[in-house]
Structure formats: structure tokens, C-alpha cells
Amino acid sequence: MIKLDLSRAFYQEKMASYDSRIKEIHEMITKKTGLGNDFLGWTDYVNSLDDNLVNKIQTLANKVRKECDVLVVIGIGGSYLGARAAIDAINGLYKKDKLEIIYLGNTLSPYYVSQVMEYLKDKKLAVNVVSKSGTTIEPAIAFRFVKPLVEKVWKERANEFIFATTDKQKGALKPLADNKGYTTFVIPDDVGGRYSVITPVGLFPMACAGLDIKSFINGVKHAMVTYSKENNIAYQYALSRYLHFINNKNVEFFINYEPHLNMINEWLKQLFGESEGKQNQGLLPASLCFTTDLHSMGQFCQEGHDVFFETTIRLQNYQNDIAIPAMENDADNLNYLVNKKISYVNDIAIDSTIKAHCLGNRSNIVIELDKLDEYNLGELFYFFMISCACSAYLLNVNPFNQPGVEVYKKEMKDLLKK
């Protein structure tokens with residue numbers, strides 16, 4: 001369950017004046033009439049998810065978990081960010097079971113790619129290559145590296161351990177997969193990459209990592225009902241963001257207090273940055289992980305240039321916890337905390353930081369998550385996606401295209417061919 005706290009956010013007294021605009025946007029989303037409406041398929045995608053597909057994903061994931069040491073997820077942007085965010089959020093940053101998840105195709109760094117290829121030698125590996133077109137430079141090059149490794153390890157069984165998540169019929173990857181006999185999953189035509197975590201793009205890697213994808217899907221279904229109403233907290237959050245933007249708060253810091261949520265911040269940066277950043281519009285999405293970044297960016301947040309507001313994702317209950325031990329002679333003067341859980345100190349840090357930043361005249365939005373499990377994570381992803389669509393429509397831009405990204409791709413391909 002998600003709660004939205006706007007009590008320490010600016011401009012809330014102006015929200016009521018936008019009721020008619022929010023109603024209009026709600027109809028644009030629910031009736032699929034807004035800009036880019038041919039990419040609104042994610043709004044009700046899970047209702048069409050066939051049980052046979054979910055069971056197929058789970059069965060194949062169990063096979064990978066049983067027979068492999070490593071799953072290499074090849075993709076860039078929305079092709080991997082959502083899955084990685086979900087896996088890190090639930091499993092933490094340290095491997096819990098036999099299967100390791102490694103990400104490739106998200107960089108052209110010679111050092112990183114070389115290290116990964118060296119590490120993968122002689123590993124029993126599977127690969128999930130995620131690309132709608134099959135020709136995006138980073139994942140296409142990565143697949144050229146990893147495909148021969150899978151074939152070397154599994155020989156005549158190699159096609160059992162190569163999974164392609166791609167277009168239903170177009171592109172370069174689909175015919176290759178059909179010709180080789182790879183298992184394929186479909187990226188729906190009406191779902192863009194940064195909204196695709198609720199499709200096989202996210203579901204297959206998540207299942208391979210041991211996540212309960214049926215619970216995740218149920219969380220998304222719950223969110224669909226919750227945020228189908230005209231007056232909901234997702235729209236309230238979107239409107240609060242918009243009011244900050246038009247009042248010259250041009251940067252949104254996404255803040256968490258859990259390192260294993262950092263990839264959610266990375267997913268949010270793509271979601272909002274690509275959806276809103278057009279026609280000289282849009283907030284600049286940035287991210288911080290406190291309390292770590294309080295010791296590097298805390299000074300700026302307290303007293304720096306007043307161009308930002310903060311959106312904190314806060315957990316009400318923690319997956320794991322540990323009590324603080326005693327120290328002989330109380331050398332650090334902290335024995336008054338003995339047997340207190342570290343979550344207690346973390347919660348005090350959150351309260352203190354928000355209070356301090358408010359004293360510094362910083363605006364704070366708080367998104368509270370009851371607990372971090374697959375069900376609540378499904379709701380959280382959907383909450384942000386519906387908020388993002390509303391935010392972009394408030395700016396009168398298309399939430400679902402990314403013409404600016406195509407510019408660098410064209411220039412790069414032209415230079416490479418030269």
C-alpha cells in the first residue's frame with residue numbers, strides 16, 4: 001500500500017484550481033485519446049496477461065535457476081532498468097542463491113565488457129537478450145559476444161538457454177530467434193520500453209531471480225483499480241511536480257535511504273526524463289541515496305541554489321533488520337543505542353533530514369511504502385507510470401516518444417559506417 005504525504009511540499013493550496021485539467025487528463029489516459037495514445041497499452045496490459053504465458057515464464061525460469069550459474073540480461077534503458085530495479089529491491093545487492101544475474105548491453109565500456117566476458121568463461125550461462133528492433137548498438141554488440149559462449153557451453157542444447165524478448169514479428173532479432181529455435185517473448189506494440197517492466201521484459205528476469213511474479217502482477221492489478229479513479233494520489237503527485245516546475249523548481253531529487261533501491265531511482269530517471277524532457281519542458285530528474293549522500297550532497301540540499309525539491313521513497317517496514325551491539329568502554333558514546341534496531345536509527349535520520357531541509361526552505365514530497373515485497377513493488381511501478389503520463393500531459397508533451405534519443409543513434413551509426 002502506498003501513501004502520499006504532501007504536507008511538507010510547496011504550492012498545495014493551488015492544487016484545487018487544476019481539478020478540471022486533471023479530469024481531462026484522466027479521460028485522455030483511460031480512454032486512450034491523449035498524445036501517443038498508441039503506446040498506452042501498459043495501462044491495462046496485465047488484464048490481458050494469459051495464465052499460460054505466466055506459467056511458461058515461470059517454468060523456463062525454474063529451468064534456468066536449476067541448470068545455470070549465470071543469467072546474462074542484455075538490454076539498455078527500459079530493456080533492463082525495470083527488471084534490475086525490481087531484482088535489487090527484493091533480493092538486495094548480494095546474491096541469495098545459486099543463480100547470478102549479470103547485465104550487459106547497457107554500456108560500450110571496453111573495461112566493463114572485457115571483465116564480464118572474462119568472468120563468464122566456463123560458466124553455465126543463459127542469456128536473455130531484450131531488444132525490440134534487434135539493432136540497437138549496445139545490446140546487439142553484447143549479444144555477439146555472449147552468444148558464442150552459450151553455444152560453447154551447451155553445444156547442441158544452446159538454443160534452450162537463449163531467450164529473445166523482442167517484437168512479435170518485425171526487427172532483426174525475431175527472425176534470427178525463429179531460425180535458431182530460441183524461446184521468444186513478445187514486447188507488445190503498444191508498450192514502450194520504459195513502461196515495459198510489467199511485460200516479459202521485466203517478468204522473465206525477475207522470475208529467474210526467484211521473485212514471485214504472480215504476486216507482482218497482482219500488485220499491478222490492484223494499482224490499476226486504485227488509480228483508475230479520477231481523484232487518486234498518483235495524479236496528486238503528478239500535479240505537485242508540475243506546480244514545482246512552473247514555480248522554477250526545475251530539479252527533482254529522488255531520495256531513498258536504502259542502497260538496494262538505487263536502481264529504482266535509475267529507472268525513475270529514465271521514466272521521467274525520457275517522458276517529459278521535450279520541447280524545452282520537464283523537470284531534471286536526479287537521485288540521492290541518504291544517509292550516504294548527506295555526507296557529499298547534504299550541504300547543497302540544505303543551503304545550495306534553490307532550484308530543486310525532494311521526493312523521498314520511505315519504507316514503513318523493513319525486509320531485514322539487526323540490533324546494535326555494545327562496545328567495551330563505550331568509546332564512541334553510543335551505548336545508549338545498544339539493542340536498538342538499526343532501522344530505529346535510520347527512521348530517526350529520515351525524520352531529522354526532512355525536518356532540517358524544511359527548515360532550509362526545501363520542499364519535500366514523501367511517498368510511503370508499507371513494505372517492500374513483490375505485490376507492493378508492482379503497485380509502486382504502476383503508481384509512477386500513471387503519475388508520469390499525467391505529468392507529461394500537464395506539460396502538453398507526448399509521454400511515450402523519445403525523438404531526442406534517436407538523434408545520437410543516427411549520428412553514431414553514420415560515423416561508424418564512415
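Quick note: numbers below take in every heavy atom, side chains included, and nothing from hydrogens, waters or symmetry partners. None of the values given here were measured: they were computed from a predicted structure.
- In this structure, the side chain of K180 does not engage the main chain of I162 through any donor-acceptor pair within 3.5 Å.
- At least one side-chain heavy atom of C390 sits under 4.5 Å from a side-chain heavy atom of L394.
- A donor-acceptor contact closer than 3.5 angstrom links the side chains of Q299 and E303.
- Annotation: side chain of T30 is not in contact with side chain of E230 (no heavy-atom distance under 4.5 Å).
- A 6.0 Å sphere centred on OH of Y344 holds no more than 12 heavy atoms belonging to other residues, nucleotides or ligands.
- Partner H26 forms a ring-ring contact (aromatic ring centres under 6.0 Å, His included) with one of Y393, Y235, Y18 and no other, that one being Y235.
- Between I233 and L4, the shortest heavy-atom contact is O-CD2, 3.4 Å.
- Shown here are the ring pair (Phe, Tyr, Trp, His ring centres under 6.0 Å) partners of Y119, two or more places apart in sequence or in another chain: there are none.
- Residue F145 qualifies as open at atom CZ: its count of foreign heavy atoms under 6.0 Å is 12 or below.
- In this view, K410 and D414 satisfy the side chain to side chain contact (heavy atoms under 4.5 Å, CB included) rule, not counting sequence neighbours.
- Side-chain contact, D373 with N376: a donor N or O sits under 3.5 Å from an acceptor N or O.
- Heavy-atom neighbours of I141 CD1 from other residues, nucleotides or ligands within 6.0 Å: above the threshold of 12.
- Sorted by first and then second residue, the ring pair (Phe, Tyr, Trp, His ring centres under 6.0 Å) pairs with a member in residues 187-210 read W42-Y195, F163-F204, F185-F204, Y195-F400; sequence neighbours excluded.
- You'll find the side chain of N398 stays beyond 4.5 Å of the side chain of F39, heavy atoms only.
- Taking 4.0 Å as the cut-off between side-chain N and carboxylate O, K174 and D178 count as a salt-bridged pair.
- The number of heavy atoms from other shown groups lying within 6.0 Å of NZ (K98) is above 12.
- Ring planes of W154 and F161: parallel class, angle under 30° (limits at 30 and 60°).
- Proximity of Y382 to T43: side-chain heavy atoms (C-beta onward) are separated by under 4.5 Å at one or more points.
- With Y242 as the aromatic partner, R21 does not meet the cation-pi criteria of under 6.0 angstrom to the ring centre and within 45 degrees of the ring axis.
- Among residues at least two apart or in separate chains, there is no salt bridge (charged side-chain N to carboxylate O under 4.0 Å, His left out) pair with a member in residues 376-404.
- The pair K32-D38 does not count as a salt bridge, with every side-chain nitrogen at least 4.0 angstrom from each carboxylate oxygen.
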Please list, one pair per line, the donor and acceptor atoms closer than 3.5 Å that link side chains of residues 279-297 to other protein atoms, with sequence neighbours excluded.
unit_1: D293; atom_1: OD2; unit_2: C289; atom_2: N; d: 2.7
unit_1: S296; atom_1: OG; unit_2: D293; atom_2: O; d: 3.3

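- The number of heavy atoms from other shown groups lying within 6.0 Å of CD1 (I322) does not exceed 12.
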Which atom pairs, one a donor and one an acceptor, fall under 3.5 Å between side chains of residues 258-265 and the rest of the protein, sequence neighbours left out?
unit_1: H260; atom_1: NE2; unit_2: Q319; atom_2: OE1; d: 3.0
unit_1: N262; atom_1: OD1; unit_2: N256; atom_2: ND2; d: 3.4
unit_1: N262; atom_1: ND2; unit_2: P259; atom_2: O; d: 3.4
unit_1: N265; atom_1: ND2; unit_2: F254; atom_2: O; d: 3.4

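- Ring planes of Y237 and F383: parallel class, angle under 30° (limits at 30 and 60°).
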Show your reasoning for whether side-chain contact (heavy atoms from CB on, under 4.5 Å) applies to D370 and N317. CA-CA 6 Å; D370 180 45; N317 296 282; 3.4 Å; yes
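- Side-chain contact between L243 and E13 is absent, with no heavy-atom pair separated by less than 4.5 Å.
- In terms of modelled atom types and a separation under 3.5 Å, the side chain of T312 and the main chain of V366 share no donor-acceptor contact.
- Between R314 and I255, every side-chain heavy-atom pair lies at or beyond the 4.5 Å cut-off.
- Counting heavy-atom neighbours within 6.0 Å of M1 CE, excluding the residue itself, gives a total of 12 or less.
- Counting heavy atoms from C-beta on, the side chains of L125 and K152 never come closer than 4.5 Å.
- Applying the side chain to side chain contact (heavy atoms under 4.5 Å, CB included) test to D190 and every residue at least two apart in sequence or in another chain returns P188.
- For the pair T59 (side chain) and N55 (backbone), a donor-acceptor distance under 3.5 Å is present.
- Distance alone, capped at 3.5 Å, is enough to place a donor-acceptor pair between the S228 side chain and the V225 backbone.
- Take D212 and apply the salt bridge (Lys or Arg N to Asp or Glu O under 4.0 Å) test, not counting sequence neighbours, and it matches no residue.
- Environment of NZ in K214: sparse, with no more than 12 heavy atoms of neighbouring residues, nucleotides or ligands closer than 6.0 Å.
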Pair up each side-chain donor or acceptor in residues 76-94 with any protein partner under 3.5 Å, not counting sequence neighbours, and list the distances.
unit_1: Y80; atom_1: OH; unit_2: N106; atom_2: ND2; d: 3.4
unit_1: N91; atom_1: ND2; unit_2: A209; atom_2: O; d: 3.0

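- Each of F300, F245, F10 was checked for a ring-ring contact (aromatic ring centres under 6.0 Å, His included) with F308, and the lone residue meeting it is F300.
- Identified under the salt bridge (charged side-chain N to carboxylate O under 4.0 Å, His left out) test for residues 45-61, with sequence neighbours left out: none.
- Looking at N250, its side chain never comes within 3.5 Å of a backbone N or O of V307 through a donor-acceptor pair.
- Listed by first then second residue, pairs satisfying ring pair (Phe, Tyr, Trp, His ring centres under 6.0 Å) with a partner in residues 353-375 read H222-Y375, not counting sequence neighbours.
- Using a 4.5 Å heavy-atom threshold, the side chains of L377 and L372 count as touching.
- Judged by distance alone, the side chain of T165 and the main-chain N or O of V130 form no donor-acceptor pair under 3.5 Å.
- The backbone N or O of A234 sits less than 3.5 Å from a side-chain atom of N232, completing a donor-acceptor pair.
- Under a 3.5 Å cut-off, the side chain of T136 and the backbone N or O of P139 do not form any donor-acceptor pair.
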Kindly indicate, with the supporting measurements, whether the criterion side-chain contact (heavy atoms from CB on, under 4.5 Å) is fulfilled by Q402 and R194. CA-CA 11 Å; Q402 50 280 336; R194 56 190 177 274; 2.6 Å; yes
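- Comment: K63 engages E160 in a salt bridge, judged by a side-chain N to carboxylate O separation of less than 4.0 angstrom.
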Please report the C-alpha distance between R362 and F253 in whole Å, then the side-chain angles of each, then the deciding distance to 0.1 Å, and finally whether the side-chain contact (heavy atoms from CB on, under 4.5 Å) criterion is met. CA-CA 11 Å; R362 309 307 185 182; F253 282 135; over 6 Å; no
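- Remark: Y182 engages no residue in a ring pair (Phe, Tyr, Trp, His ring centres under 6.0 Å) (not counting sequence neighbours).
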